[in-house]
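A short write-up of the structure that comes next.
In what follows, chains carry the letters A, B, and so on, assigned in the order in which the sequence lines appear, proteins first and then strands, with residues in each chain numbered from 1.
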Amino acid sequence: MPQSKGQKNTIIWFRKGLRVHDNPALIEACRDAQHVYPIFIIDPHFLHNSSYNSSYKVGVNRYNFLLECLTDLDQSLRALGSQLLVLRGTPQDVFPRIFKEWDVQQLCYEVDVEPYAKSRDAAVGQLAAAAGVAVSASVSHTLYDTDVLLRAAGGRAPQTMQAFTKLIDKVGDPPAPLPAPASLPPPGPVAEAVTSVPTLTEVGYQQQPTTVFKGGESQALVRLGDYLADAKWVCAFEKPKTDPSAFVRPATTVLSPYLKFGCLSPRLFHARLMAVYRGAKGVHSKPPVSLRGQLLWREFFYTVGSTTPNFDAMAGNPLAKQIPWDTNPAYLAAWKAGRTGYPWIDAAMRQLSEWGWMHHLARHSVACFLTRGDLYISWEAGKAVFEELLLDADHFLNAANWMWLSASAFFNQYYRVYSPVTFGKKYDPEGKFIRRFVPELALLPTKYIYEPWTAPLDVQQRCGCIIGKDYPFPVVDHTTISKVNMGRMKAAYEANREAAGAAAAAEAGSDADGSSDAEVLPASNSSSRRKAAAGAAAAAGGSRRRPAAVAKRGGAAAAAKKQRTVTDMFAAAAVTAAANGNGVAAGVAAACGVDAGDAVVPEL
DNA sequence: GACTCCGTTGTGAAG
DNA sequence: ACTTCACAACGGAGT
């Protein structure tokens, strides 16, 4: 590593990777440099009041977490003889100006494979080229360079964790983490205005954060050390067995927000973890359930996500089942606000709003409830809510997990449905979690805590919580609706098989002119297309000569029509029940503070 | 190409 | 407290 007195002026551009440890871009920026300018750009793209893209809303908790990360990074850089320079504006506006002002020769940053980041970096790359500035991008947000993994996989990312784990075994250990630099060449003279991290108010937030988690690399390293110090716990860790209701000390590490912003290097996490495993003489849990397995899940979803078109949407996503979800702004608003009338679901959703975090299995519960389990609302709507509220909201992981839970991709056993009543009860029979996050239910006897609508009125009165007034009735009847939805999922799966079969047939029938619409259809590989073709043939009554498109239209439409009728009948029954004082649909109105029929601005 | 295997994390009843 | 089963039965990956 040459330490000669440098001549270059370089910029290290922090976006994620908000750390000084294991930061190859930072090391590169220091090489042969006279001045290193460490910058962060407050990009309006990510601001909640952005005029650029209103779908990229960032909740106050996450934005505050980011500002804490920046303050911490600034302190670390000052200890190394430098400081963070915070700039405002779009990167496209900022760079041409500072390239010139600071007489820059090189720009260094960490590779970011998210769609927005890729287009942003491509645009900045052109500006750099125009200004005669060399660009150096280093991989350190993931364990591996996703391109390397993709090549090792033969050009196609695995779609199962098993196959991905095999790939990792083949590729071997990830690169070792790098130490932080001992010191940094100082930046040259800069305007005073760019040397301070802004406050929440300055970037336009009115509210105060409510989370219990604090951002920054130092926090991340303390938390990592804290959890890894318990070698017994680390070696026994099996995520499916952890407790989603634990909140005094969460049952998982809560390192995800730090990985999201790059306060913590996944490679450092991995290396420290392997050291703990070695100390335990090889007796430890294994992927996919182990702690190391969690890092591999992250890697898996980055790999498949960054190489799949439209991975964050249903339409045009070759991995996602095309499912005709309902649009129901009132249900969506009730879910987001934690007012579905199911205390377990509502406690989790309110923990999300308050803390910006919930346990993985709680995420499963609420995601299943919103989509295939109960409300039958698109996973994209749920994803948008998580994207706003989670501290650890991560583009690929969020999309992948929502597809998983909605049985749109990766996971297909749609008939396995989480109960909004009994799932939580297994872990927390007393309802401590509910009492903490849904305080209006705090005094309810344990017997009724998961199903408060079953409490006699005198009990409700004694506890100061009248159902339908202080806390809503359930928006849907889970037992009934989950069965209806299972039927709708079955029909949707059939329709997808038929569509894939039609595509396969069209593909086989066309003279390889490539003009079929096969590319946009869900089944992405030949094996499932074949199966789908067989399914389509069967659906067409064995008549292989019948045009596939006809089979598709007929079958899918009939199935959809039938299911719509069933759902409408249920909805009508619910309204009738409400009119009779049963309160199921009335609960929706109470939950939202509006009539059930009123339009609430949808999330998407 | 047909077939089997099995998948990080379902529920509820029965034995 | 544990296992096993029906529920209704998916699809990727490997043989």
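- Residues A:I377 and A:L332 come closest through the heavy atom pair CD1-N, 3.7 Å.
- Using a distance-only test at 3.5 Å, with no hydrogens or angles considered, a donor-acceptor pair links the side chain of A:E299 to the main chain of A:L143.
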Pairing annotation in dot-bracket form, given for DNA chain C with Watson-Crick or G-U pairs under 3.5 Å and | for cross-strand partners
.||||||..||||||
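- Atom CE in A:M161 sits roughly 16 Å away from atom C1' in C:dA13 (whole-Å rounding).
- Of the candidates C:dA13, B:dT8, C:dG11, the closest approach to any side-chain atom of A:R156 belongs to C:dA13.
- Put simply, A:K490 has no side-chain N or O that comes within less than 4.0 Å of OP1 or OP2 on C:dA8.
- Picking from B:dT8, C:dG11, C:dA13 the nucleotide with the shortest atom distance to the side chain of A:K321 gives C:dG11.
- With hydrogens and angles ignored, the 3.5 Å screen pairs no side-chain donor or acceptor of A:E238 with any backbone N or O of A:S285.
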Can you check nucleotides 10-15 of chain B for protein contacts, nitrogen or oxygen pairs under 3.5 Å, and list what you find?
| residue | atom | partner | partner atom | Å |
| --- | --- | --- | --- | --- |
| B:dT11 | OP1 | A:S419 | N | 3.0 |
| B:dT11 | OP2 | A:K426 | NZ | 2.9 |
| B:dG12 | OP2 | A:T422 | OG1 | 2.7 |

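- Salt bridge A:R488/A:D326: present, at least one basic N to carboxylate O contact under 4.0 Å.
- For B:dT8, its base sits under 3.5 Å from the side chain of A:K239 at one donor and acceptor pair at least.
- In this entry the distance linking CG of A:N496 with P of C:dG11 reads 8 Å, nearest Å.
- Listed by first then second residue, pairs satisfying ring-ring contact (aromatic ring centres under 6.0 Å, His included) with a partner in residues 475-497 of chain A read A:Y414-A:Y493, not counting sequence neighbours.
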Does A:L441 form a side chain to side chain contact (heavy atoms under 4.5 Å, CB included) with A:R435? I'd like the steps, not just the answer.
CA-CA 6 Å; A:L441 297 172; A:R435 294 172 203 280; 6.0 Å; no
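- As judged by a 4.0 angstrom heavy-atom cut-off over every strand, A:M486 is placed among residues making no nucleic acid contact.
- The interatomic distance linking A:L397 (CG) with B:dT8 (C1') rounds to 15 Å, in whole Å.
- Set against B:dT9, C:dG14, C:dC10, the side chain of A:Y414 has C:dC10 as its closest nucleotide.
- Residue-level contact check: A:E238 touches neither bases nor backbone, having no heavy atom under 4.0 Å from any strand.
- Regarding A:W297, its CH2 atom lies at a distance of 8 Å from the P atom of B:dT9, rounded to whole Å.
- Geometric assessment of A:R249 against the ring of A:Y227 yields a positive cation-pi assignment under the 6.0 Å and 45° thresholds.
- Spacing between atom CZ of A:R292 and atom C1' of B:dT8 amounts to 15 Å, rounded to whole angstrom units.
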Pair A:R436-A:D428, salt bridge (charged side-chain N to carboxylate O under 4.0 Å, His left out): steps then yes or no
CA-CA 12 Å; A:R436 163 63 181 81; A:D428 182 17; over 6 Å; no
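- Following rounding to the nearest Å, A:D243 (CG) and B:dT9 (P) show an atom-to-atom distance of 18 Å.
- Taking only side-chain nitrogens and oxygens, A:K286 never comes nearer than 4.0 Å to OP1 or OP2 of B:dT8.
- Between the side chain of A:R372 and the backbone N or O of A:R416, at least one donor-acceptor pair lies under 3.5 Å.
- For A:T160, the side-chain atoms get nearest to C:dA13 when compared with the rest of B:dT8, C:dG11, C:dA13.
- In this structure, A:K241 reaches neither bases nor backbone, as no heavy-atom distance under 4.0 Å exists between it and the strands shown.
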